[in-house]
A.B. asks: 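I'd like to ask you about the structure that follows.
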Amino acid sequence: MIELRTPAEIDEMRAAGRFVAETLATLRDETGVGTNLLAIDRRAHELIRRAGAESCYIDYAPSFGRGPFGKVICTSVNDAVLHGLPHDYTLRDGDLVTLDFAVSVDGWVADSAVSFVVGTPRDEDLALIETTERALDAAIAAAVVGNRIGDISATIGDIAHAAGYTVNLDFGGHGVGRTMHGDPHVANDGRAGRGFPLRAGLVLALEPWFLATTDELVTDPDGWTLRSADGSRGAHSEHTVAITDDGPIILTDRTFLGVG
Ligand code: MG
Ligand code: MG
């Protein structure tokens with residue numbers, strides 16, 4: 001069921017969005033060569049406790065995972081791109097890291113992800129990250145009343161294809177509200193002019209993610225972490241966005257913190 005939020009409810013969602021934005025900015029800032037993935041999770045847990053927020057991940061146990069997740073952040077490195085279960089791994093020079101974080105504050109969820117390289121980046125990794133960020137920006141620009149879900153999907157897919165990437169349709173964006181995942185699904189490719197008409201009050205997590213040279217995923221023995229089937233690297237950019245009559249509001253925007 002697709003739910004629409006009132007302007008007052010969207011205002012209430014700002015606290016969750018701001019906390020997720022601040023936390024991702026902090027964690028990104030503190031993560032570098034030599035950081036252990038378990039330390040990132042511990043730090044995220046500490047920030048959640050301090051804020052009185054509630055993790056959407058720790059008890060998460062969907063049909064596709066080996067639940068419960070047991071950690072509060074997804075840390076996906078290099079050929080891992082989604083649902084990376086934090087484990088005992090110390091980041092090395094040139095690693096491509098994705099942090100994906102969702103919490104509930106005052107009963108409202110926000111969900112956001114960022115990819116970056118620690119140490120010396122490879123050009124192809126920067127291009128992959130830049131493409132997901134550009135696709136996310138364009139998807140947000142398409143999240144306006146009068147468009148349809150398919151317009152967002154087509155916008156993301158067009159940017160991926162133009163950059164030479166293929167698109168996996170198994171995981172994509174979704175409605176966000178009292179829980180992390182709601183209707184509608186927002187595929188990262190599709191046909192313009194199709195699907196649910198966008199209305200004021202619709203709150204969506206938009207999340208383009210691409211792999212360098214495949215669109216196939218394999219699951220790690222941990223039952224969660226999704227890796228590219230061919231070992232190529234992946235990147236992921238996500239924001240929680242409210243569609244309003246005055247245009248999209250990026251609830252998890254980090255730019256006010258002076259970081260991307
Ligand atoms: Mg997410
Ligand atoms: Mg999401």
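The first residue of the sequence shown is numbered 1, and numbering continues consecutively from there. For ligands, and for the atoms within them, numbers begin at 1 and follow the listed sequence. If you're wondering where the values come from, they're calculated on a predicted model, not measured in any experiment.
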A.B. asks: Under 2.8 Å from the Mg ion (ligand 1) - does any N, O or S atom of Asp111 fall there?
C.D. replies: yes
A.B. asks: Counting backbone and side-chain atoms alike, is an N, O or S atom of His174 positioned under 2.8 Å from the Mg ion (ligand 2)?
C.D. replies: yes
A.B. asks: For the Mg ion (ligand 2), what is the closest N, O or S atom on Glu238?
C.D. replies: OE2
A.B. asks: Among the N, O or S atoms of Glu207, which one sits nearest to the Mg ion (ligand 2)?
C.D. replies: OE2
A.B. asks: Of all the N, O or S atoms in Asp100, which one sits nearest to the Mg ion (ligand 1)?
C.D. replies: OD1
A.B. asks: About how many Å separate CG of Asn188 and OG1 of Thr132, when rounded to the nearest 0.5 Å?
C.D. replies: 10.0 Å
A.B. asks: Please work out whether the ring planes of Phe19 and Phe101 are parallel, tilted or perpendicular, with thresholds of 30° and 60°.
C.D. replies: tilted
A.B. asks: So which atom in Ile10 and which in Ile243 form the shortest heavy-atom distance, rounded to 0.1 Å?
C.D. replies: CD1-O, 4.4 Å
A.B. asks: Could you check whether Arg148 pairs with Asp151 (Lys NZ or Arg NE/NH1/NH2 to Asp/Glu carboxylate O, under 4.0 Å)?
C.D. replies: no
A.B. asks: Any luck finding a side-chain donor-acceptor pair between Asp41 and Tyr57 under 3.5 Å?
C.D. replies: no
